[in-house]
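Comments concern the structure below.
We count ligands from 1, going down the list as the structure has it; atoms in each ligand are counted the same way.
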Amino acid sequence: MIYLDYQSTTPLAPEARDAMLRWLDGPEGTGFGNPHSSHRMGRQAKAAIELARDRVAALLPAGGRVIFTGNACEAINLAIRGSGSGGSVSVSAIEHAAVLDTAKALNAAHILNVSKEGQCNTAQDVPADTRLIAVMQINNEIGTVQPTIDWHRKAKEVNALFLIDAVQAYGKMEVTHADMIAVSAHKLHGPKGIGALWVRDGVELDPQITGGLQESERSGTLSPALVAGFGAAAHLAKELREQDAEHVEALWTRARELFSDWTLNGAEDARWHGNLNIRRNGLDVNRLMSECRGVMFSAGSACASGSGRPSHVLKAIGLSDKQAKNSIRLGFGRYTQMEDLEKAAQEINAAAEAQGL
Ligand code: PLP
């Protein structure tokens, strides 16, 4: 199997796995302690959590706190629901459903336009009652990078908070200029089931999950294994950032050659190059996917629920329903081998040509 779906999730780094094992069993089975207990086993687990918190925070701005959550969806819900009520929540048209659907559920959503290139720029008004603006840093479907520093400035002008969904950017590029930042471990070679919300000092949040308030603004016993895995993955991403970026650049250059008969969706340059979202007129994506079963990639058309509806992101950048449904997304990164990319391209291109394209 060839894995080309890095936006969906990433392979667990061996270093992250190793960091987790200690907290699943540990020497003589002492690793399972509750990190919120005050005895020795609890304190050991707590120390592992605090080390991981520092490691996760090292990739985020100074002057804030890291709240561990079950995933980024939860972090985003805490940010949007917990930071206030009333007023508008202005969000880009290409946000993940975690942002879009939460703002809509509160009947607060104001949708910000996005250009054909996939950029949400600040030359547009937000409602005067906007209390929160949310613009993601790297789009998960088309990889385009958003002008978050400009949006932060705009948010300050209208006295609103600014949230960045940095799930796809965290560990790959600097994430700065925000009041809140949502991240997820499994997109940077950490385990699934653990995310975090970074909150700037001075920003207060109402807990959305009440109980023990173990994370001061979030309740629930933390999993030391998941948190330690997240910390190790963040630490590694920091160490390997340049190397990873160079590898992705080499893969991108080759991928553009291999898929030269396809049209790129979204900007070429203002983009994370580990995301190749492309289309070919008339392509039957379901047929393509069933003929290329050994390659793990995504239909560019289906939304997260797998409903088969054309992607809201591709529609927002001006593609027709047909064009959106003719699109596929290939995602690659740290552990992708060049020869695997080449093999996959050969299979995908042959299957597309067999459709007479
Ligand atoms: N935001 C973006 C941009 C994502 O790509 C994802 C995951 O696909 C999420 C949020 C949700 O992350 P999680 O799986 O941690 O809930």
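- Sorted by first and then second residue, the salt bridge (charged side-chain N to carboxylate O under 4.0 Å, His left out) pairs involving residues 117-126 (not counting sequence neighbours) form an empty list.
- Residues S92 and E95 have side chains that bring a donor and an acceptor to within less than 3.5 angstrom of each other.
- Between T10 and R334, the side chains place no donor N or O within less than 3.5 Å of an acceptor N or O (distance only, hydrogens not considered).
- Listed as neighbours of ligand 1 are N71, A72, C73, H96, M136, N140, D165, V167, Q168, S184, H186, K187, each bearing a heavy atom under 4.0 Å from the ligand.
- Ion pairing of R329 with D5 is present here, as a side-chain N (NZ or NE/NH1/NH2) and a carboxylate O approach within less than 4.0 Å.
- In this structure Y335 satisfies the ring-ring contact (aromatic ring centres under 6.0 Å, His included) test together with H189, sequence neighbours excluded.
- In terms of the side-chain contact (heavy atoms from CB on, under 4.5 Å) criterion, residue partners of D284 (sequence neighbours excluded) are, by chain and number, N286, R287, Q355.
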